[in-house]
Amino acid sequence: MATQKVKRTMNNWRVDGKGRINRDKHVRFTFDGVSYQGYEGDTVASALIANGVHLMGRSFKYHRPRGPVTAGSEEPNALIGTFRSGAGRFEPNTRATVQELYEGLTTVSQNKWPTLNFDIGAVNDKLHKLFAAGFYYKTFMWPKSFWDRVYEPLIRASAGLGISPTEPDADTYAARYLHTELLIVGAGPAGLAAALTAARNGTDVVLVDENREIGGSLLSEAPTAIDGKNVGNWLIDVIGELEASRNVRVMTRATAIGYYHENMVGVAEKLTDHMASPPANAPRERMWRIRAQEVILAQGALERPLVFDGNDRPGVMMAGAAQTYLNRYGVKVGNAAVVVTSHDSAWHAAFDLADAGVRIPAIVDVRTNVNGYLQSEAQKRGITAKVGHSVTSVSGTKRVSAVKIGRISDDQYVTDITSIPCDAVLMSGGWTPSLHLFSHTKGSLQWDEENEVFLPGEKTERCHIAGGGRGLWSQQAVFDDGVHAAQQALSSLGHNAQPLSVDVEGDRAGSGIVMEELPGNDDKLSRRAFVDFQNDVTAKDIRLAVREGMLSIEHIKRFTTNGMATDQGKLSNMNGLKIASGELGRPTPEVGLTTFRPPYTPTTFGTFAGYHKDELFEVTRKTSIDSWAEENGAVFEPVALWRRARYYPKAGEDMHAAVARECRETRTFVGMFDASTLGKIEVVGPDAAQFMNRMYTNPWTRLAPGRCRYGLLLGEDGFIRDDGVIGRLSEDRFHVTTTTGGAARVLTMMEHFLQTEWPDLDVWLTSTTEQWSTIALNGPNARKVLEPFVKGADISAESFPHMALRECTVAGFEARLFRVSFTGELGFEVNVPSQRGRALWEVLYQEGKKYSMCVYGTETMHVLRAEKGYIIVGQDTDGTVTPADAGLTWAIGKKKPDFVGKRSLTRPDMLLPDRKQLVGLLTEDPDVVLEEGAQIVEAGDTAVPARMLGHVTSSYRSETLGRSIAMALIECGFERVGTSLDIPMPGQTHRATVSRTVFYDPDGDRIKM
Amino acid sequence: MLLIHCPYCKETLPELEFEYAGQAHIARPENPAEQTDAEWRDYLFIRSNVRGDHAEQWRHSHGCGRYFNALRNTVSDKFIATCEIGQACSNGHAEGEENNEQLES
């Protein structure tokens, strides 16, 4: 950064002797161009707070100044952009509370302009009455002329969180599968107790945790001792034991993002985001698909904010987060912290902070009855306990400077208001069991009336929930529950589970109540009491939604966007629900809870894509002749999964010139075409002819071996599915060809009928597409080029007529030689084993030089077949076209009693007179090439909207005819031959005459040469 | 990802190896020409759309290639049973199709 200011290291907010950071390892990083120092083990958030910085971003809608409200992955506010080294490595919306610090890390704030401190967009906050919930449904309506010129640019400019990266992702991502007996999600006290129990019983265990180290809540709130050791030493022993167990795999920085069917859990493992210089070629993240026989969810609980005016100001945060910053990072979040709570846990947080030298001016507890032990502990520390009190407002914009508190009277109104100066407010509204993954399984949630929480109910998968997820609070109870869950899982696995006991000293039990918006001293209307920090949803918005008639939480959610941000309402859902149920006057469980969906935390697209990008995104199928085409300058196009040569330009030729030349030379002399991608299916067996009769419209019984026939395949609904030339090699063997894109579909359809409807038929179906290379020679000189190389067959016009087939050798290679044509010229298709394709191609190419032969690609193939009116299934048909519509009734075996789709051809709708039919179109201006897909209307029809009669399916410039030609599906098309229609296209409407589809050599003389 | 038991391979394998092939036990009429328009329409288009146990065909397309019948619950999306083509899968207490009707009513 050019204008980088260097700030003197300010670690005034570090607390000696606290935290798990490495104080021997200084780490420098920048935030908005200012250089700061932190320690190894810090997150960006903990290091900034240690430097006295709480303001880390602006909110989405109102651009209000925001700081971190949590210390974990649930963080809604402190979203930053990170620049890892190298192009394509900018990431928006990274949670500062999760991003680990490393030397040289560059970070920026978001949603501000021009600067974080002075942001023009903050005017939205002053205008917040205009931006109430649902404003966008009501605001951008009139006038209509503003829709695209004013409203859309405005909405687009302000929409979105952070700035999307503009460069391709430069990183690579990995993916792996893992199978295990037991997967444990969460390495807090419950998860560790479960892991130890299972490990000691020899069970295969995988333990995953999203943090950089195991321990969970033990890292934030340490009891005096576990099993007689301090927590740090206990954790060292545990990780040592787990790592030494061959049956245990511990994965950190690994987030279980989704719980899928049959105990498959997706785990996104971060590998390099914490490294200053990642190893070369190391993947950035790895997606694990873990299939476990049993799963233990030990994800704990998330602390709920309290809802009061100004609860989003920087410096206001969860009490548990302040405890984490202190105990895990050695950082105090302020010098004077007022605690506001409805739960005992915040009292312990206050004590931890007070013991570390933070002044606690007051603990404000909305409850009237608070445990005497807590009150005496407060007294011991000289902390004023304000029981039965509430917060009415917060002063300070970019950092809290004071809170106003008062006594809650009997009518829930706050009186005796006093202002307490402070630089932090620690809030706790109690704890919400983290049941996101359990919800992914469609496991039901049960409302616990006493504690006012949703707890896991009916399970749909083989999983167990342990610890905080079941609403348990004290660490002893959570440890014991982890052991219990492991015993259940092991017993399901058929293992004996020796119980294990973990002994916690100095445990902190506790309880609390669940509040709606806190009582205040006003009418609530002017309060800015936030429920969803990330989407800027206030309590007022939720009440407005109810007044506007939203009765279900699902509607309230969509109207207000509460819980729809990237944190999926981890902090906001329960508060929103409580406020809605209060406003509706209905019990909380009746109003319901919205569904949590994967991923648990935002996950980069690259992790989902894994290896499936660039050349590995999709297979590219290549014929054996593809390499020759590449060497000879072909221009390629994708066709289904194949890469096909589209045309072979000579020096100075564009596509039009190349195609015109290829068409001309093929019709005049001879052209060679790689047709290897045609689908091929070998139909073999005593009942092969019978099977073919049932599948295809055409009759096959009397087709002699050595002959072939155009085959038309319908769906049972009577619409054209596929076509191709089918040769009979012997009584019991057919060589079926299909369209390039239809090969797999046709084989599947054949197998379906054969296996499920006609298992009595003795027939075998084999895909041979890739066994044969197919070279097509078309043009008057085709026989001259081919004849010298054919052994074992006479290919003269007399012995080898059109639609004949021989097995022979060509240039010494075993071959199936067809006399067929997709151009209307004398044509041959030579099938040789794939590995011989290129060799034969080169032999014929050399020989062809004597006869002015060209090679041509798919574009010329398209033009030449269109000149003859040969259809391409899927281009000239679209799944609603019958044989009659396409003019192919001649391909139907009239005497056959049945074939797939036959009965449908006489359904009433198939016989309607106004069906669309395939016809030709000749534009009045022969140089106009219509757009494929263009709509067709009556001549002179200028009504808006016009009645559309059909559309152009194929359209080309025909070199042979010296003009444009087109095919089209048009209502009553056959009756309209000779009449005129209009084709409106951008800029101009073109008139065309309807014609038959055979534009060239209608008598088919050339094919018989 | 679902796990599906192939009754031919006799192995329980990931869903990726399989593909759905429509509702089961809809036999192609012996003689389509004799079907009325309404009967033929029903054969072509009318499907049960069950909320509950659904009899359906699947194919082990990336394995043995065989089609088989299955009973899957459309609410839980769990496979209850799979069986060879030509058989009706048992859900343990009633014929598959009959159970569907009970659930629908």
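Letters A, B, ... mirror the listed sequences (proteins, then strands); counts begin at 1.
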Report which part of B/R66 has an atom under 4.5 Å of a heavy atom belonging to chain A: side chain, backbone, both, or neither.
both
Indicate yes or no: at least one non-hydrogen side-chain atom of A/D898 is less than 4.5 angstrom from one of B/E30.
no
For B/L44, does its backbone N or O pair with a side-chain atom of A/E716 as donor and acceptor, under 3.5 Å?
no
Okay, B/I85 and chain A: the region with an atom under 4.5 Å from a heavy atom over there is side chain
Ignoring hydrogens and angles, tell me if any N or O in the side chain of A/R291 forms a donor-acceptor pair with the backbone of B/M1 under 3.5 Å.
yes
Is it the case that the side chain of B/K78 and the backbone of A/H261 share a donor-acceptor pair, with hydrogens and angles ignored and the cut-off at 3.5 Å?
no
Does atom CZ (B/F45) have a neighbourhood of more than 12 heavy atoms from anything else shown, all under 6.0 Å?
yes
Residue B/F68 versus chain A: region with a heavy atom under 4.5 Å
neither
If I measure from the heavy atoms of chain A, does B/N31 come under 4.5 Å with its side chain, its backbone, both, or neither?
neither
Tell me, for B/T12 versus chain A, whether the close heavy atoms (under 4.5 Å) come from the side chain, the backbone, both or neither.
neither
One should read off an interatomic distance between B/Y67 OH and A/E751 CD, to the nearest 0.5 angstrom, of 7.0 Å
Determine whether A/R903 and B/E39 satisfy the following criterion, side-chain contact (heavy atoms from CB on, under 4.5 Å), listing intermediate values before the conclusion.
CA-CA 11 Å; A/R903 175 64 186 81; B/E39 285 167 342; over 6 Å; no
Presence of salt bridge, B/R41 and A/D909, under 4.0 angstrom
no
Test your reading of the model: is there a side-chain donor-acceptor pair from A/E262 to the backbone of B/L2, 3.5 Å cut-off?
no
I want to check something: taking the side chain as every heavy atom from C-beta on, are A/T748 and B/S61 in contact at a cut-off of under 4.5 Å?
no
Contact class of B/Q57 relative to chain A, heavy atoms under 4.5 angstrom:
side chain
Under 4.5 Å from any heavy atom of chain A, what part of B/I4 do you find: side chain, backbone, both or neither?
neither
Portion of A/F899 that has a non-hydrogen atom of chain B nearer than 4.5 angstrom:
backbone
Could you have a look at A/M264, A/K902, A/Q755, A/K442 and say which one has the most heavy-atom pairs with chain B under 4.5 angstrom?
A/Q755
